Amino acid sequence: MSETAPVAAGIEASGLTGYLAPEGFVEDLKAELGAVAAIHDRLVLVEGPARPAAWAANIWNEPVRIPIGSIAEGAKVLRAIQRNWALYDFQLHGRARLIQERLPHVSAKPLQFPQAVPAAPLGSWTLLDATTILAAAHCSSPFPNGEIQFIEDKLAPPNRAYLKLWEAFTRLGRMPGPGQRCLDLGASPGGWSWVLQSLGATVLAVDKAPLAPDIAKLPHIEFLKTSAFALDPVEVGPVDWLCSDVICYPERLLKLVERWLVSGLARNFLCTLKFQGETDHETARRFAAIPGSQLFHLHHNKHELTWCRLAGSSGG
């Protein structure tokens, strides 16, 4: 809550942090968080301050409980705290939407990549019951419920995997540019290579399967038909970005990443951990423990997590 915002009578600090799971991944979030205080559909409440949670689409910092006697009062109290709010609508839909309609409109237009993320803070709120709001003025994502949408390119990319790379770069606020060299592991059919090339970078695309013909003929893309795991970092040489969307078990990807980390030849890493069957939480924790790492679930991920390590981050 803003330090200068008036505090309405009855507002109560919860002592909790809210973690909103992506659709279909509540159990993974629960497994990651451990003991939970309460669960409201996809919103998992845990005692204590916020901590990193890869399976959270949005983290609600220091949510408060607000008693309300009417729809008008609910909207008034939220407006007094701050301007922009996004509803997490999981029950009491009609009442919740009537409150949201009385709040300032928040644009949720799809972004035109590489458009920057919204700068204005966006709070989240929901109805715990007809007379109680749970609201967090400060959340980890500037997008409603952590769900980022783009104006899609339905013609050039060979598949929709490019959206993961768009989202990751948008979230990180950093991406390749002209003069940089990128390694795209598991490149076929070429969605990620298309993104990297469109940003002006040169790309070494690696896969045992070929690129789509329209991607293969683009300038600044070199294709190497081999396994990502057969590459010798020394033979490849320095790269500004190592990107991997390889289909493999996360433990095997970890060994590949560790090999490149030891080589010191990749400045930035951006990799997809693809879970086949049960979620490998242990290997995910090992990725997260690499110094300078970030591990998160993108809105465009499926049963996957995205791991990154950027140059200049803590640990190297």
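Computed from a predicted model, the values in this text were never measured in an experiment.
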Margin query: Strictly distance-based, threshold 3.5 Å: is any side-chain N or O of Arg95 a donor or acceptor partner for the main-chain N or O of Ala130?
Written below: yes

Item checked: Cationic N near anionic O, under 4.0 Å, Glu167 to Lys164 -> no

Note to self: So Leu305 and Phe296, do their side chains get closer than 4.5 Å, heavy atoms only?
What the structure shows: no

Item checked: Leu256 CG to Ser244 OG distance, which is reported to the nearest 0.5 Å -> 6.5 Å

Check: Is the count of non-hydrogen atoms from other residues, nucleotides or ligands lying under 6.0 Å from Glu47 atom CD greater than 12?
Finding: no

Check: Within a strict 4.5 Å, meaning less than it, do heavy atoms of the Pro67 and Thr132 side chains meet?
Finding: no

Item checked: Heavy atoms from other residues, nucleotides or ligands near CZ of Phe229 exceed 12 (cutoff 6.0 Å) -> yes

Next item on the list: Answer whether the closest heavy-atom distance between the side chains of Leu163 and Glu152 falls below 4.5 Å.
Entry: yes

Check: How long is the gap from CH2 on Trp192 to CG on Asp245, to the nearest 0.5 Å?
Finding: 4.0 Å

Next item on the list: If the plane angle is over 60° it's perpendicular, under 30° parallel, otherwise tilted; pick one for Trp55 and His303.
Entry: tilted

Note to self: Under a 3.5 Å cutoff, is there a donor and acceptor pairing between the side chains of Tyr88 and Asn58?
What the structure shows: no

Next item on the list: Would you please classify the geometry between the Phe90 ring and the His40 ring as parallel, tilted or perpendicular, with 30° and 60° separating the classes?
Entry: tilted

Next item on the list: Please find out if less than 6.0 Å separates the ring center of Trp194 from that of Tyr162.
Entry: yes

Margin query: Are Ile290 and Leu254 packed together at the side-chain level, in the sense that at least one heavy-atom pair is separated by less than 4.5 angstrom?
Written below: yes

Item checked: Neighbour count above 12 (heavy atom, 6.0 Å) for Glu251 CD -> no

Margin query: Nearest 0.5 angstrom please: Leu87 CG to Ile99 CD1, how far?
Written below: 8.5 Å

Margin query: So, applying side chain to side chain contact (heavy atoms under 4.5 Å, CB included) with Leu185, which one of Thr272, Leu231, Asp207 is it?
Written below: Leu231

Margin query: What I'd like to find out is whether the side chain of Leu273 reaches to under 4.5 Å of the side chain of Asp280, using heavy atoms alone.
Written below: no

Check: Do Val203 and His220 have side-chain heavy atoms sitting under 4.5 Å apart?
Finding: no

Check: Going through the distances and angles, do Asp240 and Arg267 end up as a salt bridge (charged side-chain N to carboxylate O under 4.0 Å, His left out)?
Finding: CA-CA 5 Å; Asp240 294 288; Arg267 297 184 66 245; 3.7 Å; yes

Note to self: Under 4.0 Å between a side-chain nitrogen and a carboxylate oxygen: does that hold for Glu282 and Arg285?
What the structure shows: yes

Item checked: Approximate separation, where rounding is to 0.5 Å, of Arg79 CZ and Arg102 CZ -> 8.0 Å

